[in-house]
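Below: one structure, written as structure tokens.
FYI, the numbering just counts along the sequence from 1. Keep in mind that this is a model prediction, so the values were computed, not measured.
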Amino acid sequence: MNLKKIVIIFLALFTVNCEFAQQKEPTIFVFSKTGAFRHKSIPAGVEFFNSLKKETNWKIDFSENGNDFTTENLKKYNVLVFLNTSGDIFDEYQKKAFQKYIANGNGFVGIHAASDTEKEWPWLAEMIGATFKDHPKVQNATVYFDKSTEHPAINHLKKKEVFKDEWYNFLKPVAKHVNILATVDESSYKGNQMNTKNHPITWFHHFDGGRIFYTGLGHTEESYADVRFQKMIKGAILWAADLAQIKKPSTKKWTNLFEGDPSKNWDVFIGAPHATVKGLENVDPKSDGKNAAPLGLNKDPKKVFIFEKENGENILHISGEIYGALTTKQEYENYHLKLQFKWGEQIWEPRLKRKRDSGILYHCYGAKDAFWNVWMSSQEFQVQEGDLGDYYGLSGTLIDIPSEIKEGEKEFKYIKNGDLNPFSSLQRLPPNHCNKGFDNENPHGQWNTLELISFEGTSYHVVNGKVVLALYNSRYKNSDDEIVPLTKGRIQIQSEAAEVFYKNVQIKSIRKLPIKFEKQTN
């Protein structure tokens with residue numbers, strides 16, 4: 001047995017042990033401080049959580065003291081619940097601790113007036129997904145649940161339910177980056193409304209590394225005695241703690257992530273415009289495209305990412321004018337990703353004299369602007385002219401690759417059955433880049449088929465049917481400075497100063513590494 005296989009087996013066992021150790025119960029911090037309207041149902045909510053504590057033996061603590069929002073205290077918990085919080089309740093230090101808590105991969109469950117909290121704080125509004133405006137009187141209304149995601153918060157509910165509550169209207173339409181789980185039928189109740197056929201009232205999403213759930217239900221005392229609502233909150237907590245998951249892609253059929261309305265599967269994040277970008281206000285004259293403030297989430301005034309129809313198929317056209325990312329709304333683990341891409345002609349600063357560039361970032365985690373103010377921490381399947389399939393690690397990731405560096409050369413190159421060498425984005429040495437084993441890219445202007453196989457820490461970069469790079473033992477440095485396995489995350493498609501087209505982006509779950517590709521690595 002060669003060294004590579006010994007190391008792989010050892011680290012596979014290490015990964016299994018780490019995953020087993022991570023299967024812990026939720027540790028919950030219920031916060032109900034109010035700086036504005038105080039709901040009479042808060043004691044009923046506390047009583048419910050105390051009953052949940054007895055039923056499950058989960059660790060559940062309660063507070064209405066903003067001084068408990070410190071980095072050290074919040075480390076004790078993996079789910080934070082806002083139980084009808086309202087008004088301005090944090091100072092600047094407490095806000096920073098809160099943001100760090102979310103960025104460290106923890107969960108948040110917001111109940112009802114959570115959206116009426118710190119209404120002038122843009123980060124919180126973006127995290128929750130909406131900001132409270134007003135409401136009619138408490139009354140019954142029909143709520144429709146989207147069961148397609150099989151979210152654990154709503155699995156027990158029928159597609160159509162009647163609840164009695166205070167039906168919130170929001171200052172702006174609910175953010176595009178959230179996944180809607182429930183809408184309230186405005187024709188089923190009276191009073192001021194948002195005047196829309198789609199009035200979201202419950203949703204979830206991934207944000208800045210955290211797992212976020214919000215429901216507008218929970219105004220009345222009776223809510224907390226309603227078994228349907230109790231199960232919703234319990235399921236939301238389990239999902240927020242990363243202990244219960246939504247529906248995974250099929251293992252038998254491909255799921256096309258560009259099919260239908262792409263906004264249901266993808267978000268756009270646009271980085272800092274280069275100083276040469278025209279037609280935008282307030283462009284930093286010193287910006288090199290990575291050292292200035294990003295435009296942000298789902299803000300794409302230059303239409304860097306647009307979907308165009310060709311023979312009824314959605315094709316993603318990336319202009320490349322500003323660095324950016326098309327990001328899946330969901331996380332994926334143990335999957336086979338397959339897509340097609342080809343280069344366009346346009347190139348932009350700051351890469352006018354460099355190779356055309358893009359990339360597939362995978363196992364993306366943490367803040368959405370961790371790397372160059374535009375991309376998440378991740379592993380990268382390089383999409384660059386002449387370097388199709390190379391590896392880069394971004395902002396905190398590590399991996400092992402069978403590779404060698406020949407005498408007189410400066411970079412490592414993948415070699416089948418070679419010795420495993422570490423690659424790291426944590427410091428200069430070892431490097432964060434490894435070259436593919438060989439070039440299998442089609443000529444400029446032709447479509448290429450790329451496949452990414454990801455299974456329990458092992459990845460294959462496949463170009464036009466051939467494995468050009470095999471990678472093992474994916475891991476990252478967490479907020480406690482521990483090196484731990486990295487086997488899942490969101491997927492990003494990069495805009496990096498070159499025009500490029502993508503289509504037919506498909507994914508399916510896998511239970512093992514596909515034999516036909518595994519054979520190519522042995």
Side-chain angles (χ1 to χ4, degrees), residues 257-258 262-263 265-280 283 287-290 292 294-296 298-328 337-362 371-376 378 380-390 392 394 436 439-452 461 463-464 491-506:
L257 297 179
F258 278 5
S263 67
N265 292 318
W266 302 89
D267 287 319
V268 169
F269 188 84
I270 301 296
H274 190 273
T276 59
V277 172
K278 306 297 183 183
L280 291 181
V283 174
S287 172
D288 63 358
K290 57 186 181 183
L295 295 183
N298 291 319
K299 297 175 182 177
D300 188 6
K302 295 289 288 185
K303 298 190 183 301
V304 174
F305 296 91
I306 59 173
F307 281 90
E308 301 169 339
K309 286 283 187 181
E310 184 175 297
N311 299 321
E313 180 180 24
N314 277 326
I315 296 180
L316 173 65
H317 180 189
I318 303 176
S319 73
E321 186 174 5
I322 307 173
Y323 287 172
L326 186 75
T327 309
T328 60
L337 178 72
K338 181 166 63 174
L339 55 87
Q340 292 174 280
F341 100 98
K342 69 177 180 179
W343 296 112
E345 300 302 323
Q346 184 69 56
I347 54 175
W348 308 87
E349 289 284 10
R351 298 182 60 89
L352 290 177
K353 297 181 179 180
R354 302 179 67 182
K355 298 177 180 180
R356 288 180 172 85
D357 200 4
S358 181
I360 309 297
L361 308 184
Y362 60 100
F371 187 83
W372 289 2
N373 283 337
V374 61
W375 298 306
M376 299 172 72
S378 58
E380 179 176 3
F381 183 132
Q382 173 73 304
V383 178
Q384 181 171 274
E385 268 189 320
D387 300 315
L388 195 54
D390 282 9
Y392 278 91
L394 273 61
K436 65 191 181 305
D439 183 17
N440 204 39
E441 182 174 354
N442 290 331
H444 178 86
Q446 293 185 14
W447 288 101
N448 294 269
T449 297
L450 308 183
E451 296 175 75
L452 170 64
H461 293 184
V463 177
N464 295 317
I491 298 168
Q492 296 191 304
I493 301 176
Q494 290 179 303
S495 166
E496 197 168 354
E499 183 182 33
V500 61
F501 299 86
Y502 288 88
K503 69 176 183 178
N504 200 24
V505 178
Q506 301 180 81

Counting C-beta onward and ignoring hydrogens, is there a side-chain heavy-atom pair between [X] and [Y] closer than 4.5 Å?
X	Y	value
Ser495	Trp348	no
Leu337	Val505	yes
Leu280	Pro273	yes
Tyr502	Ser358	yes
Thr328	Asn265	no
Leu361	Ile493	no
Leu339	Thr449	no

Checklist entry - Among Lys342, Arg356, Arg354, which residue meets the salt bridge (Lys or Arg N to Asp or Glu O under 4.0 Å) test with Glu385? => result Arg356
Next on the checklist: Which label fits Phe501 and Trp447: parallel for a plane angle under 30°, tilted from 30 to 60°, or perpendicular past 60°?
Outcome noted: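 Geometry flag for Trp447 against Phe501: perpendicular rings.
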Item to check | Partner of Trp343 under side chain to side chain contact (heavy atoms under 4.5 Å, CB included), chosen from Gln446, Glu499, Glu441 | outcome: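 Result: among Gln446, Glu499, Glu441, Glu441 is the only option passing the side chain to side chain contact (heavy atoms under 4.5 Å, CB included) with Trp343.
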Next on the checklist: Just to verify, what does Trp266 make a side chain to side chain donor-acceptor pair (under 3.5 Å) with, not counting sequence neighbours?
Outcome noted: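 By the side chain to side chain donor-acceptor pair (under 3.5 Å) rule, Trp266 matches no residue at all.
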Could you list the residues that satisfy salt bridge (Lys or Arg N to Asp or Glu O under 4.0 Å) with [X], not counting sequence neighbours?
X	result
Lys355	Asp387
Asp439	none
Arg351	Asp357
Lys338	none

Item to check | salt bridge (charged side-chain N to carboxylate O under 4.0 Å, His left out) pairs, two or more places apart, involving residues 300-325 | outcome: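 Every salt bridge (charged side-chain N to carboxylate O under 4.0 Å, His left out) pair that includes a residue of residues 300-325, provided the two are not neighbours, is Lys302-Glu321.
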Next on the checklist: How long is the straight-line distance from OG1 of Thr327 back to CD of Gln492, given to the nearest 0.5 Å?
Outcome noted: 3.5 Å
Checklist entry - Does the gap between the ring centers of Phe381 and Tyr362 come in under 6.0 Å? => result no
Checklist entry - Is the distance between the ring centroids of Tyr323 and Trp375 under 6.0 Å? => result yes
Item to check | Residues Gln340, Gln506; criterion side-chain contact (heavy atoms from CB on, under 4.5 Å); working and verdict | outcome: CA-CA 10 Å; Gln340 292 174 280; Gln506 301 180 81; over 6 Å; no
